[in-house]
Amino acid sequence: MIQNVRYYLSEHPSVVNFRWSHSQSWGNTWSFLFTSITAYVFFSVFLHFLLLLLFRHRRPLPLGPIPAVHSLSMALISLTIFTGILLSAAAEIRETRWFWRRSKTTTFQWLLCFPLGTRPSGRVFFWSYVFYLSRFLNILRTFFTIFNRRKLSFFQLFNHSILIFMSFLWLEFSQSFQVLAILFTTLLYSVVYGYRFWTAIGLRSACFPFVVSCRILLLGCNVVCHVGVLLLHFMKGGCNGIGAWVFNSVLNAAILFLFLNFYVKVHLRSRKVEETENLDSAMNKDI
């Protein structure tokens, strides 16, 4: 059983021989990227105002089991990506460790800083590509929010759009740090979406803002790793895709600022236990 999982997630020919190219991979052009993000934002705003126009009373529209099914699907997909990239990274480390000894590169340094000249091909980038595709499934939560709450926030649109954009940059420029970023993100997303499925089927929710806590933990890990990449870039003579990494850092800083601004505004209005639960519910919609 374990051998079969290892084979299909890290040794299958489609995984080992993957190559990010404009002729072989779906959704890998700049035109597709900008068109899809623009369509997402436009349709979200259009749907929001259309429902406000048709239904003056902000009553939630019943979606049945769709949000629960989506949460369960995202939890399983995130867990699969986490396991796949973990096994793939271990295989890459095992096969190329002999080469790293010449440059005195450790495993942790490779996870943070790809060597100059790294191409977007092989096991790790296959799972980076799957992660990129999963971002399009993740944006369905925006439409659930519009139907349920009749509310659309700038933070939600910006966050989902930037996640798609950043995951595209990871592949296009073979950006350093992406392995750890995908590991952290998929692990936390599998837990968060599992929790959402748990509450969606009517089971008891946590007594503290669970989703917000996971979000803060993920942002904290990203900040620490970004500092590590910067240090290694100057100490080891350069990390691959550093230009994309700088742009990525700016976008992450913008997300962090918007998140803290959103959190502070809601937290200042929350002085009761019930309002703390509303905070978690609000952030639950926006990740």
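Residue indices begin at 1 and follow the sequence shown. Excluded from the calculations below are hydrogen atoms, water molecules and symmetry mates; all remaining heavy atoms, backbone and side chain alike, are included.
For the pair Thr118 (side chain) and Pro115 (backbone), a donor-acceptor distance under 3.5 Å is present. Side-chain atoms of Asn240 come within 3.5 Å of backbone N or O of Ser174 as a donor-acceptor pair. Put simply, the side chain of Tyr189 never gets that close to the backbone of Phe184: no donor and acceptor are under 3.5 Å apart. Using modelled atom types, one side-chain atom of His70 and one backbone atom of Leu137 make a donor-acceptor pair closer than 3.5 Å. One N or O on the side chain of Ser190 and one on the backbone of Leu187 form a donor-acceptor pair closer than 3.5 Å. A donor-acceptor pair is defined here as one N or O able to donate and one able to accept, closer than 3.5 Å; no such pair exists between the side chain of Thr38 and the backbone of Thr35. Within the 3.5 Å criterion, the main-chain N or O of Ile139 finds no donor-acceptor partner in the side chain of His160.
Inter-residue side-chain proximity for Val69 and Ser73 is flagged as met; some heavy-atom pair is nearer than 4.5 Å. Between Phe125 and Val179 there is no side-chain heavy-atom pair separated by less than 4.5 Å. Side-chain contact check for Phe136 versus Ser36: some heavy-atom pair is nearer than 4.5 Å. Side-chain contact between Ser128 and Ile182 is present, with heavy atoms from C-beta onward closer than 4.5 Å. Side-chain contact check for Val191 versus Tyr195: every heavy-atom pair is 4.5 Å or farther apart. Side chains of His226 and Leu230 form no contact here, defined as non-hydrogen atoms less than 4.5 Å apart. A heavy-atom distance below 4.5 Å is found between the side chains of Phe144 and Leu63.
In this structure, CG on Leu169 lies 12.0 Å from CD1 on Ile164, to the nearest 0.5 angstrom. Atoms CG and OG1, on Asn138 and Thr185 in that order, are 10.5 Å from each other to the nearest 0.5 Å. To the nearest 0.5 Å, atom SG of residue Cys113 and atom CZ of residue Phe108 are 11.0 Å apart. Taking CG of Leu9 as the reference point, atom CG of Leu86 lies at 10.5 Å (rounded to 0.5 Å). With rounding to the nearest 0.5 angstrom, the OG1 atom of Thr83 is 6.5 Å from the CG atom of Leu87. If you take OH on Tyr129 and CG on Leu171, they are separated by 9.0 Å, rounding to the nearest 0.5 Å.
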With side chain to side chain contact (heavy atoms under 4.5 Å, CB included) as the test, would you mind laying out the steps for Gln178 and Phe114 before giving the verdict? CA-CA 9 Å; Gln178 63 177 282; Phe114 284 155; 3.9 Å; yes

Show your reasoning for whether side chain to side chain contact (heavy atoms under 4.5 Å, CB included) applies to Trp110 and Ile93. CA-CA 9 Å; Trp110 177 79; Ile93 292 170; 3.9 Å; yes

Run the numbers on Ser71 and Arg141 for side chain to side chain contact (heavy atoms under 4.5 Å, CB included), then give the verdict. CA-CA 9 Å; Ser71 295; Arg141 288 200 60 83; 3.8 Å; yes

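Of all heavy-atom pairs between Phe177 and Cys225, the closest is CE1-CB, 3.1 Å. Scanning all heavy atoms of the two residues, the minimum distance from Ser88 to Val15 falls at OG-CG1, 4.3 Å. Counting all heavy atoms, side chain and backbone alike, Glu11 lies closest to Ala91 at OE2-CB, 4.0 Å. Shown here for Gln175 and Gly241, the closest heavy-atom pair between the two residues is CG-O, 3.8 Å. A pairwise comparison of heavy atoms in Phe82 and Thr186 identifies CB-OG1, 3.3 Å as the closest pair. The heavy-atom pair separating Ser134 from Met74 by the smallest distance is O-CE, 4.1 Å.
Of the residues Phe168, Trp170, Phe126, the one that meets the ring pair (Phe, Tyr, Trp, His ring centres under 6.0 Å) test with Trp20 is Phe168.
When hydrophobic clusters are built by joining Ile, Leu, Val, Met, Phe, Trp and Tyr residues whose side-chain heavy atoms come closer than 4.5 Å, directly or via intermediates, Trp26 is grouped together with Ile81. The cluster map of Ile, Leu, Val, Met, Phe, Trp and Tyr, joined by side-chain heavy atoms under 4.5 Å apart, puts Val223 and Phe247 in the same cluster. Under a hydrophobic clustering in which Ile, Leu, Val, Met, Phe, Trp and Tyr are joined whenever their side-chain heavy atoms come within less than 4.5 Å, directly or via other members, Leu183 and Val227 fall into different clusters. When hydrophobic clusters are built by joining Ile, Leu, Val, Met, Phe, Trp and Tyr residues whose side-chain heavy atoms come closer than 4.5 Å, directly or via intermediates, Val130 is not grouped with Leu79. Connection of Met166 to Val224 is not established within any shared hydrophobic cluster, with ILVMFWY side chains joined at heavy-atom distances below 4.5 Å, either directly or through further cluster members.
The environment of Arg135 atom CZ is dense: over 12 non-hydrogen atoms of other residues, nucleotides or ligands sit within 6.0 angstrom. Environment of CZ in Phe34: crowded, with over 12 heavy atoms of neighbouring residues, nucleotides or ligands closer than 6.0 Å. Residue-environment remark: CZ (Phe49) stays at or below the threshold of 12 foreign heavy atoms within 6.0 Å. At most 12 heavy atoms of other shown residues, nucleotides or ligands fall within 6.0 angstrom of atom OH in Tyr8.
Residues Phe173 and Trp245 keep their aromatic ring centres 6.0 Å or farther apart.
In this pair, Phe46 and Phe42 present their aromatic rings parallel. The plane angle is below 30°, not in the 30 to 60° band.
The side-chain tip of Arg196 points at the ring of Tyr193 from less than 6.0 angstrom away and within 45° of straight on.
Checked against side-chain contact (heavy atoms from CB on, under 4.5 Å), Ser44 has the following partners two or more places apart in sequence or in another chain: Tyr40, Thr142, Phe143, Ile146, Leu152, Leu157.
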